[in-house]
Amino acid sequence: QVQLVESGGGSVQDGGSLRLSCVASRYTGSNCMGWFRQAPGKEREGVAGISPGGTSAYYTDSVKGRFAISQDNAKNTVYLQMNSLKPEDTAMYYCAAEPFCLLRGHKNIAAMTKADFRYWGQGTQVTVSS
C-alpha cells in the first residue's frame with residue numbers, strides 16, 4: 001500500500017509558474033511515478049511520468065518544454081515544475097504510483113496509462129486565468 005499526498009496547486013495568471021509536490025508513504029525509488037490531470041467534462045490524461053531512479057521521463061506533447069518532472073528519493077517526493085502555464089492547463093492534477101513497476105514488466109514509462117498505476121492521490125487544483 002502506498003499513500004500519496006499532493007500539494008502546490010493554486011491559481012495563477014497566464015504565463016505563471018507552479019510547483020506541485022507528491023509525497024509518497026514509501027518505495028519512491030522503486031516506483032514508476034506519474035502526474036495526470038483531469039479537467040471538467042474531460043478524460044483524465046497523462047501529463048508526465050518518471051521511471052525508478054529518474055533514468056527516463058515522459059511528457060505529453062502539450063507540456064513539453066514547459067513542465068519538468070523530478071524526484072527526491074530521500075524525501076519520497078516527486079515534483080512537477082510547471083512554467084509558462086496556460087488556461088488550458090487548468091485541471092485537477094493527480095499523482096500516481098506503481099511500485100516495483102520494472103519487476104511488473106513496465107519497462108517504458110511513456111507506454112504506461114492510467115490503468116497501469118494502482119495508487120493515486122486525492123488531487124490538487126490548478127487554475128490558470130487569462
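We count residues from 1, following the sequence as given. The figures that follow rest on heavy atoms only: side chains count, while hydrogens, waters and symmetry mates do not.
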| remark: Those residues at least two apart in sequence (or on a different chain) that pass side-chain contact (heavy atoms from CB on, under 4.5 Å) with E88 are K86
| query | Do you know the tightest heavy-atom contact between P87 and S130? | reply | CG-CB, 3.9 Å
| request: Answer yes if Y119 and M112 sit in the same cluster of Ile, Leu, Val, Met, Phe, Trp and Tyr residues linked by side chain heavy atoms under 4.5 Å apart, and no otherwise. | output: no
| query | Atom CG of N31 and atom CZ of R118: how far apart are they, to the nearest 0.5 Å? | reply | 9.5 Å
| task | Please confirm whether R44 makes a cation-pi placement over F36, using NZ or CZ under 6.0 Å from the six-membered ring centre and within 45° of the ring normal. | result | no
| Are any side-chain N or O atoms of T127 and backbone N or O atoms of T90, one a donor and one an acceptor, separated by less than 3.5 Å? | no
| said: Please report the interatomic distance CD(Q81) to CG(L18), rounded to the nearest 0.5 Å. | reply: 8.5 Å
| field | Single-linkage hydrophobic cluster, 4.5 Å side-chain cutoff, I50 and V2 together | value | yes
| Out of curiosity, D14 CG to S84 OG, how far, rounded to the nearest 0.5 Å? | 9.0 Å
| request: Could you tell me whether the side chain of R37 reaches within less than 4.5 Å of the side chain of V63, counting heavy atoms only? | output: yes
| Rounded to the nearest 0.5 Å, how far apart are CD of E6 and CH2 of W120? | 9.5 Å
| query | Between I109 and F100, is there a shared hydrophobic cluster once you connect ILVMFWY residues whose side-chain heavy atoms come closer than 4.5 Å? | reply | no
| message | Which heavy atom of Q38 sits nearest to which heavy atom of K42, and what is that distance? | response | NE2-O, 3.1 Å
| If you take all heavy atoms of L20 and M82, which pair is closest and at what distance? | CG-CE, 3.7 Å
| remark: Note: Y59 and A48 closest approach over all heavy atoms is CD2-CB, 3.7 Å
| said: Same cluster or not: V47 versus V126, using hydrophobic residues (I, L, V, M, F, W, Y) connected whenever any side-chain heavy atoms lie under 4.5 Å apart? | reply: yes
| field | Within one Ile-Leu-Val-Met-Phe-Trp-Tyr cluster: F67 and Y58, side-chain cutoff 4.5 Å | value | no
| said: Give me the atom names and distance for the closest heavy-atom approach of C22 to M33. | reply: SG-CE, 4.2 Å
| message | V78 vs I69, test: side chain to side chain contact (heavy atoms under 4.5 Å, CB included). Steps then yes/no. | response | CA-CA 7 Å; V78 174; I69 189 170; 3.9 Å; yes
| With distance as the sole test, does R26 use its side chain to make a donor-acceptor pair with the main-chain N or O of Q3 at under 3.5 Å? | no
| query | How many angstroms lie between CZ in F117 and CD in E98, if you round to the nearest 0.5 Å? | reply | 7.5 Å
| query | Is S129 close to S11 at the side-chain level, that is, under 4.5 Å between some pair of heavy atoms? | reply | no
| field | Q122 CD to C95 SG distance, which is reported to the nearest 0.5 Å | value | 11.5 Å
| message | Restricting to side-chain hydrogen bond (donor to acceptor under 3.5 Å, both in side chains), what partner residues turn up for S51, sequence neighbours left out? | response | T55, S56
| query | Which pair of heavy atoms, one from A111 and one from D116, lies closest together, and at what distance? | reply | O-OD2, 4.1 Å
| Residues that R66 engages under side-chain hydrogen bond (donor to acceptor under 3.5 Å, both in side chains), provided they are two or more places apart | D89
